[in-house]
*Asks:* 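Dropping the structure in here first, questions after.
Source: prediction; values computed, not measured.
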Amino acid sequence: MSGPHVIRGSVSLPEAELMWRFSRSSGPGGQHVNTSDSQVELRFDLANTDALPEVWKQRALERLASRLVDGVVSVRASEHRSQWRNREMAATRLAALLAEATAPPPKPRRATKIPRGINERRLRNKKQRSDTKRGRSGQGWG
């Protein structure tokens, strides 16, 4: 592996808590690919981990509820013919998934009034477009 996969800040995926499973990939290949276990399934026990701060863990459990099976999140990778590259891809995907799931909620939008000039310009353009289209009809021509 290419080192720790950082979720955000100083928090990263602990290698000891990652569960790997390898199987034969169904994708494209050539010689040797049908006999090697190149598909990777990476599982991470989100419900029982101590690697994430408690607030992040609750946020992730809530947001990933549809993807969890008994509190475990699972990611697969089988794009590459090499098991090592699929391992990299799966770990990167899991880190990205957890980073998105643990991100703080966006700040609420503050409602602002539309400036009068913008509204007037929109109505002026709309009127001009209407006149252009009305002028295209053959009515009123001799």
Side-chain angles (χ1 to χ4, degrees), residues 1-140:
M1 297 296 302
S2 67
H5 291 278
V6 177
I7 296 173
R8 197 169 56 249
S10 62
V11 179
S12 60
L13 288 173
E15 191 64 41
E17 293 185 24
L18 300 179
M19 295 166 278
W20 299 92
R21 201 173 98 198
F22 308 101
S23 59
R24 291 185 182 165
S25 182
S26 62
Q31 288 179 319
H32 183 64
V33 77
N34 295 332
T35 60
S36 63
D37 294 338
S38 60
Q39 177 173 290
V40 174
E41 182 181 353
L42 175 58
R43 296 167 41 139
F44 180 67
D45 192 350
L46 186 58
N48 298 321
T49 187
D50 292 327
L52 298 176
E54 196 58 38
V55 177
W56 286 19
K57 186 161 52 166
Q58 291 306 318
R59 205 179 286 156
L61 286 169
E62 194 175 293
R63 291 183 182 167
L64 297 175
S66 62
R67 286 193 64 153
L68 297 176
V69 178
D70 297 330
V72 176
V73 65
S74 175
V75 175
R76 277 195 182 153
S78 63
E79 291 81 36
H80 303 288
R81 288 171 57 176
S82 154
Q83 185 189 97
W84 184 81
R85 286 176 68 189
N86 283 331
R87 284 175 65 116
E88 287 290 310
M89 181 72 74
T92 303
R93 273 191 200 150
L94 181 62
L97 182 71
L98 290 175
E100 189 176 325
T102 58
K107 291 180 180 172
R109 182 187 175 277
R110 282 179 30 206
T112 56
K113 188 178 174 190
I114 297 172
R116 198 168 94 200
I118 290 176
N119 211 17
E120 286 175 356
R121 191 177 328 130
R122 181 183 64 84
L123 292 173
R124 194 168 46 247
N125 289 342
K126 195 171 176 177
K127 177 79 172 137
Q128 190 176 6
R129 183 84 176 138
S130 170
D131 292 343
T132 302
K133 287 191 169 190
R134 191 177 309 120
R136 288 180 186 158
S137 70
Q139 294 178 350

*Asks:* Compute whether any side-chain donor of one residue and acceptor of the other, for Glu54 and Gln58, lie under 3.5 angstrom apart.
*Replies:* yes
*Asks:* Met89 and Arg85: side chain to side chain contact (heavy atoms under 4.5 Å, CB included), yes or no, with the steps?
*Replies:* CA-CA 6 Å; Met89 181 72 74; Arg85 286 176 68 189; over 6 Å; no
*Asks:* So Leu64 and Leu98, side chain to side chain contact (heavy atoms under 4.5 Å, CB included) or not? Walk me through it.
*Replies:* CA-CA 9 Å; Leu64 297 175; Leu98 290 175; 4.2 Å; yes
*Asks:* Rounded to the nearest 0.5 Å, how far apart are CG of Asn48 and NZ of Lys57?
*Replies:* 7.0 Å
*Asks:* Of all the heavy-atom pairs spanning Asn86 and Ala77, show the shortest one and how long it is.
*Replies:* O-CB, 3.4 Å
*Asks:* Considering residues, nucleotides and ligands other than Asn125, do more than 12 of their heavy atoms fall under 6.0 Å from its CG?
*Replies:* yes
*Asks:* Check the surroundings of atom CD in Glu62: do more than 12 heavy atoms from other residues, nucleotides or ligands lie under 6.0 Å from it?
*Replies:* no
*Asks:* Please list, chain by chain and in numerical order, all residues satisfying side-chain contact (heavy atoms from CB on, under 4.5 Å) with Lys127, sequence neighbours excluded.
*Replies:* Asp131
*Asks:* Please tell me if the side chains of Glu88 and Ser82 come closer than 4.5 Å, counting only heavy atoms from C-beta onward.
*Replies:* no
*Asks:* Hey, is the main chain of Gln128 close enough, under 3.5 Å, to the side chain of Thr132 for a donor-acceptor pair?
*Replies:* yes
*Asks:* Any donor-acceptor pair under 3.5 Å linking the side chain of Arg21 with the backbone of Glu41?
*Replies:* no
*Asks:* Decide whether Arg116 and Asn119 meet the rule of one side-chain donor and one side-chain acceptor closer than 3.5 Å.
*Replies:* no
*Asks:* Using atom types as modelled and distance alone, determine if a side-chain donor or acceptor of Ser137 lies under 3.5 Å from a backbone N or O of Arg134.
*Replies:* yes
*Asks:* Is the number of heavy atoms from other residues, nucleotides or ligands within 6.0 Å of CG (Leu123) greater than 12?
*Replies:* yes
*Asks:* Say whether, by atom type as modelled, one donor and one acceptor occur between the side chain of Arg87 and the main chain of Val40 under 3.5 angstrom.
*Replies:* no
*Asks:* Is the side chain of Arg67 donor-acceptor paired with the backbone N or O of Ser74 at a distance under 3.5 Å, no angle test?
*Replies:* yes
*Asks:* What do you reckon, is CD of Glu17 surrounded by more than 12 foreign heavy atoms closer than 6.0 Å?
*Replies:* yes
*Asks:* Any non-hydrogen side-chain atom of Val55 less than 4.5 Å from a side-chain atom of Arg59?
*Replies:* yes
*Asks:* Could you give the distance from CG (Leu42) to CG (Leu13), rounded to the nearest 0.5 Å?
*Replies:* 7.5 Å
*Asks:* So, taking the atom named CG in Leu97 and the one named CZ in Phe44, what distance separates them when rounded to the nearest 0.5 Å?
*Replies:* 11.0 Å
